[in-house]
Amino acid sequence: MRRIFSGIQPTGNLTLGNYLGAIRNWVALQGEKSYECIFCVVDQHAITIPQDPAELKQATREVAASLIAAGIDPTDSILFNQSQVDEHMKLAWVLGCVARVGWLNRMTQFKDKAGKDRDNATTGLWWYPVLMAADILAYKGTHVPVGDDQKQHLELARDIAQAYNSMFGVEFFPLPEPQILGAATRVMSLRDGTKKMSKSDASDMSRINMTDDADTIANKIKKAKTDPEPLPSEAAGLAERAEARNLVTIYAALADRTVDEVLAEYGGQGFGKFKPALSELAVEVLGPIGAELQKLMADPAFIDSVLAKGGDRARALAKPIVEEVYDTVGFLRP
Ligand code: TYM
């Protein structure tokens, strides 16, 4: 059976990168009906860097509400927050005793996030990919739709699954396949085309947030870094133009068209024409989601009840899988 698992951190505002690289694909996969879909707001991952407790609760609700507003149907897909289902941590311990120090030391995201002062990073930040593997494997997830930046973590999850299977001589865990879909698998910062668009970037002008209103979106796109050349008529002409490529890619993803199709329309034109068209499209796509999000956030008790129900459904799936792991590794069970 094909079972999708994916997760998203409740740290700050969701960005257009999260939307195009992940959420929109989740909604499309949910619509295909050929998968069972499990989507998780990973609050335990969020505390690998310090969080204000009240803000974390609020952000968890807001991310869940954003997913619903974007089209995740919690009566169809399972939607919950990670800390409600203890099986993730229970499995993570076992997987942490399978994964090797060297494997974790190679993770580029840890190196980026820890920066130069690595001794001061939390051990949780270093161990983060083990919990991520457990998130997926607690459900025997087979497919994982993510943006490009999660590729290395998923390769590690596959290595951990394989190492567990061979350590215990079982064919227990499937090797989860990354699904890196759509035109915008890596949306870049609006201020620097070589940096990923991120909710943690110090400059709010570097990203479009899913909650930004029309004026804010238009202003950010207007001020986005570009170059003085007109747009080329083919994708190859964007190779050395990171910022231009990023904006055209965003347009293509939002319009569900290829980069070449977009350039067939806008090739030869300057950013004075292209940027307003991009703003209009971004507002058209994000506006209704933002409005729905505001409505949902007016009723936090509803969001909490959705997450609690999702948690019950998730636990029912994960419990027997993790029970079997505990038995396999030799834990005496009553
Ligand atoms: P997170 O919260 O950083 O991002 C959530 C999803 O959004 C994608 N994404 C992007 N895609 C394209 N361009 C961007 N600029 C961009 N920024 C973010 C991410 O690739 C991701 O798919 N470790 C994960 C959360 C996680 C998880 C899991 C994912 C925890 N457990 C199990 C899959 C399966 C993370 O921090 O995503």
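One-based numbering, in listed order, for ligands and for the atoms of each. Basis for what follows: all heavy atoms, side chains included, without hydrogens, waters or symmetry-related copies.
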Are any of the N/O atoms in Ala22 less than 3.5 Å from those in ligand 1?
no

Which of the numbered atoms in ligand 1 are under 4.0 angstrom from any heavy atom belonging to Lys199?
1 (P), 2 (O)

Would you say Ile136 and ligand 1 have an N/O pair spaced under 3.5 Å apart?
no

What are the two closest heavy atoms between Gly17 and Met197, and how far apart are they?
N-SD, 3.8 Å

Protein heavy-atom partner closest to atom 37 (O) of ligand 1 - residue, atom, separation in Å
Gln150 NE2, 3.8 Å

Looking at Glu240, I'd like to know if its CD atom is crowded, meaning that more than 12 non-hydrogen atoms belonging to other residues, nucleotides or ligands lie closer than 6.0 Å.
no

Asp312 bridged to Arg315 by N-O distance under 4.0 Å
yes

Give me the residue, atom name and distance of the protein heavy atom closest to atom 12 (C) of ligand 1.
Thr185 O, 3.2 Å

Could you tell me, atom by atom, which parts of ligand 1 come under 4.0 Å of a heavy atom of Asp135?
28 (C), 30 (C), 31 (N)

Side chain, backbone, both or neither: the part of Arg186 lying under 4.0 Å from ligand 1 by heavy atom
backbone

Could you tell me the residue and atom name of the protein heavy atom closest to atom 2 (O) of ligand 1, and the distance to it rounded to 0.1 Å?
Gln9 N, 2.8 Å

Would one find an N or O of Val146, backbone or side chain, under 3.5 Å from an N or O of ligand 1?
no

Under a 4.0 Å N-O cut-off, is there an ion pair linking Arg333 with Glu323?
yes

Protein residue, atom and distance nearest to atom 25 (C) of ligand 1, heavy-atom basis
Gly7 O, 3.6 Å

Those atoms of ligand 1 less than 4.0 Å from some heavy atom in Ile8:
2 (O), 5 (C)

Is it true that the NZ or CZ of Arg2 lies under 6.0 Å from the centre of Tyr35's six-membered ring and within 45 degrees of the ring axis?
yes

Below 30° counts as parallel, above 60° as perpendicular, anything between as tilted: where do the rings of Phe274 and Tyr251 land?
tilted

Among Val63, Asn18, Leu154, closest by any non-hydrogen atom to atom 18 (C) of ligand 1:
Asn18

Just to confirm my output: which protein heavy-atom neighbour is closest to atom 19 (C) of ligand 1, and how far is it?
Asp149 OD1, 3.3 Å

Around atom NZ of Lys151, are there more than 12 heavy atoms of other residues, nucleotides or ligands at under 6.0 Å?
no

Could you list which atoms of ligand 1 come closer than 4.0 Å to a heavy atom of His45?
30 (C), 31 (N)

Cation-pi, Phe172 ring and Lys140 (6.0 angstrom, 45 degrees):
yes

So which protein heavy atom does atom 23 (N) of ligand 1 come closest to, and at what separation?
Tyr128 OH, 2.6 Å

Near Val144 (heavy-atom distance under 4.0 Å), the atoms of ligand 1 are 33 (C), 34 (C)

Per-atom contacts of ligand 1 with Gly21, taking only distances under 4.0 Å to non-hydrogen atoms:
11 (N), 12 (C)

Does an N or O anywhere in Lys196 fall below 3.5 Å from an N or O of ligand 1?
no

Just checking, Lys90 and Tyr326: is the charged tip under 6.0 Å from the six-membered ring centre and within 45° of the axis?
yes

Electrostatic pair Asp192:Lys225 at N-O distance under 4.0 angstrom
no

Atom 15 (N) of ligand 1 has as its nearest protein heavy atom Val187 O, 2.8 Å

Any salt bridge linking Arg257 with Glu265? Criterion: basic side-chain nitrogen under 4.0 Å from a carboxylate oxygen.
yes

Ring-plane angle category for His45 and Tyr128, please: parallel below 30°, perpendicular beyond 60°, tilted otherwise.
tilted

Identified side-chain contact (heavy atoms from CB on, under 4.5 Å) partner of Asn13 from the options Asn209, Val63, Ile208
Asn209

Looking only at protein heavy atoms, which one is nearest to atom 10 (C) of ligand 1, and what is the separation?
Gly17 O, 3.4 Å

Quick one: which ligand 1 atoms are inside 4.0 Å of a heavy atom on Phe5?
32 (C), 34 (C)

